[in-house]
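Lettering of chains follows the sequences in order, A, B, ..., and the numbering in each one begins at 1.
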Amino acid sequence: MALLIEKDYGTPESKAEKNVTATIDGKKVSIPEGTSVLRAAREADIDIPALCATDSLQPYGSCRVCLVEIEGRRGFPASCHTPVEDGMTIRTTSEKIEKLRRGVTELYLSDHPEDMAADGRSEMATLAENLGLTEIRYGREGKNHLQTPVDESNPYFVFDPEKCIVCARCVRACEETQGTFALTVEGRGFDSKIAASQNEAFFDSECVSCGACVQACPTDALIEKSVLENGMPERSVVTTCGYCGVGCSFKAELKGDEVVRMMPHKDGKANHGHSCIKGRFAYGYVMHPERVKKPMIRKSIEDAWQEVSWQEAIDYAASEFKRIREKYGKDAVGGVTSSRCTNEETYLVQKMLRAAAGTNNVDTCARVCHSPTGYGLKTTLGTSAGTQHFDSVEQADVIMVIGANPTDAHPVFASQMKRRLRAGAKLIVADPRKIDLVRSAHIEAAYHLPLQPGSNVALINAIAHVVVTEDLIDHDYVQKFCDREDFEVWREFIADPQNSPENMQQFTGVAAEDVRGAARLYASGGNAAIYYGLGVTEHSQGSTMVMGMANLAMATGNLGKAGAGVNPLRGQNNVQGSCDMGSFPHEFPGYRHVSEDDARNIYEKEWGVTLDKEPGLRIPNMIDAAVAGAFKWMYVQGEDIAHSDPNIQHIEAGFRKMECVIVQDIFMTETARYAHVFLPGSSFLEKDGTFTNAERRINRVRKAVEPLAGLADWEATCALSKAMGYPMEYTHPSEIMDEIARTTPSFAGVSYEKLDRLGSVQWPCNDAAPDGTPVMHVEKIVRGLGKFMLTGFVPTEERSTRKFPLLLTTGRILSQYNVGTQTRRTENSKWTSEDLLEIHPHDAEQRGIRDGELVAVTSRKGETVLRTKISERVQPGVVYTTFHFAESGTNVVTTEFSDWATECPEYKVTAVEVRPTNRFSNWQDEHFSQEELQNIYDRP
Amino acid sequence: MTAQPVMENERMVYKANKIAAFFEPYPEDKAVEGVAEHITKFWTPAMRAQLQDYIATGGAELHPLVLKAAEHLK
């Protein structure tokens, strides 16, 4: 399509139910009460020019361009600031108005570079052109801001003050849209100027590079460097971001076949036109020179890679499959789907493994992140997904964030949440670290519960204990929606004094009074919503904790309505979708167990094969089986197991014993070190399909450029399946979605036609809910009656000792993403180029560790070396790091302890000791050259 | 006949005992049923066979609930 320019209505939409009627330029309009004259006119296709107004921000009334005349009123009110009243008669143009607009605009232009009006890009240039302002009466010789130095410090955009009219759209975008408050107007009158933080360069300031200010700027004073370098884009492709589980809609804007910029799509129902640094700017990896574009094979992992044709690579992988299956049996083969790939691609991989290989040995990277969400929510509520849509947060009165760091890991949703918090919702944060949300601009948590890593279940039980013993239960809700017998058993269990905050304090480290206060607030503060992340799931009791949260929500009636719910913040773009699509070894698409005859019959009929009714191997089981010599062939699509999974030495041992590993990815990965076949993958910009975000929203992914290696991932899987003896014929991913809809009840109403028409839908989408389901469990809980589960606290076996006295926990930072495959190949690394170990000053002093020094981090499993960052964000006894850089070897020290129900690794708790060092670990020396390590660490 | 092991016995015991630990708060009959159902739904036949082989050799260090649940495994 041509370049998509979304209409700007000038001021936000009024949500009032009552309408008022007015006449604008002789045209009768009826609009919700509270609508500005500016918006009312633009909605009626009557254009009133404006500079300081945009519909994502509250009116400001500074530019004096949007002046109108209103019958019976004196003067020329600013239309952005004037609400329409019943019976108003408004004139948007007259000789006097035009004269005023021209005069004001001329004054602006008198302090602007001369080529501004001829620029043709900005709103300012368009206004000047529309007003026919080719000459400026005042000249440009007077006192002005021309020649003010340009701030080019940010790698992605510039700030050119000479083009700035100080309309403060950028400042307001930073406040209202993003919620960071990094920008301000400094000085007064002629000296007023936009300043970042304490008048610092943008790069050095608190700016988080979300791009909201750049998007808001009407004069191009803030503009993307890519636009300055390449010129304005010519066409748009509306698609979905390939980073986190928020699933922001973007317009990929291209010039020819080159992506010039990614602009957040205003109609995106997950992001409403907002973005973060990753989605907005960190797309350069797509064209990075290290992209692998040719298939490769090798007989042994000790051999060098050989580039071959697609056909040769596919034939080799298939012949090895046949040989290995013949020799070792079907249990010796399997594969892994990717949460980075589309629903359609994920569906095909599990179909190929089940139908062509005859095995249920298929798993997905959700195994190591949100598999406990699936288990816990299905057990208690009946469906493996979050209960709400993101917009639900706007009706929450109490927000409880547990084990999540939304401002870093889910920034766009965090902005929406922060908006609600600034509007008065109360916040409870349960996290071992003092994350940004605990106290940031205009936000302060009512309670921060800094629990010890590994004590989540102790905490949730203590909260529930208060709810039960103080009778804060919503009895009507429980009576109507939940299994009464299970509830009574749970109530007795949770009321036991062993679950009291006072008793659990020995495990959580959280003052009992704070737990009681937080419990009372959650249970009686109005609509209460729980948002959680991997700090919940990646524990040996991850599934127990998910069930504990569901218990709490049911007991207090915080389900089935907007503003409430239990909401997982999914890590990757398509974690929800990959789970929905039957990626788990025990489930078909739609979460139906492989032993269920009805479900199996559907696929046996559709696929024309007999299917195994026994569960297959999970990823850790595949690795264990490989180490034991029982697993030999593995197809890994878009996951870097040898980097992201715990106890890497064990993972490597498993891979070394496999006879054929096929890696399909866009770059050479750590896992590819152990591969025999490399199939070049396609990025999210190179294919059609769908992603499903954390709120169950199915969003379209649309091809913006051709696959660099010639095939989209789904095409490569089809080719492999055919070579394995099971042809899968599709001409377009829409046909795959049609098959998904035919066979999966919760997707029965989904089609590309509907997605194109509605923009997106949230499953379940079927005859009962043809436009999808924003909030689940409304009429009744999906499983019938909500099931309270007993959630006994079982301390992890990974405990601190005299030898390993600190607890290491892990997480993400804003500028990097997961294993860094994408973000490390962008300018984002200018913000963070290595994983740092956060350590409390007390622990650092005890060990003679200074800020910025290298330290050896040793656990029972291994040792690695990181640089320190002394910080009071972590409490004494806890250290924290990220896992974005393979060289850090973070997962060399993590253990194989895992969630009892799903085997999700316990990344969040590893007992370690830390000591100063001046050399890298043996593992680092064995895996990386000194040059590679020094590139990361600057010095040995 | 002894099945080919698909993991170290130590790992298997850890996994099985963790499942049992979750069901401990339940009355024994429900706990046994819960453990058996969980292992049946999520462990492959080879894993279950390895568990039975291990129990046949004494089942050292296995949680009592696992031992009882194993009698009900399909």
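A630(A) approaches P5(B) most closely through the heavy-atom pair CB-O, 4.2 Å.
In this structure, chain B has heavy atoms under 4.5 Å from both the backbone and the side chain of M789(A). Heavy atoms closer than 4.5 Å to chain B are found nowhere in F631(A), neither backbone nor side chain.
Here the CZ-CG distance, from F22(B) to L790(A), works out to 7.0 Å after rounding to the nearest 0.5 Å.
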At a 3.5 Å cut-off, give me the donor-acceptor pairs between chain A and chain B, one pair per line with the distance.
from    : atom 1 : to     : atom 2 : distance (Å)
Y375(A) : OH     : H38(B) : ND1    : 3.4
H593(A) : NE2    : K41(B) : O      : 2.9
E614(A) : OE1    : R48(B) : NH1    : 3.2
E614(A) : OE1    : R48(B) : NH2    : 3.0
E614(A) : OE2    : R48(B) : NH2    : 3.2
A625(A) : N      : V6(B)  : O      : 3.1
L790(A) : N      : Y26(B) : OH     : 2.9
E896(A) : O      : R11(B) : NH1    : 3.2
S898(A) : N      : Y14(B) : OH     : 3.1
S898(A) : O      : Y14(B) : OH     : 3.4
A901(A) : O      : H38(B) : NE2    : 3.3
E903(A) : OE1    : K15(B) : NZ     : 2.3

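A search for side-chain contact (heavy atoms from CB on, under 4.5 Å) contacts involving A495(A) returns V468(A), T469(A), not counting sequence neighbours.
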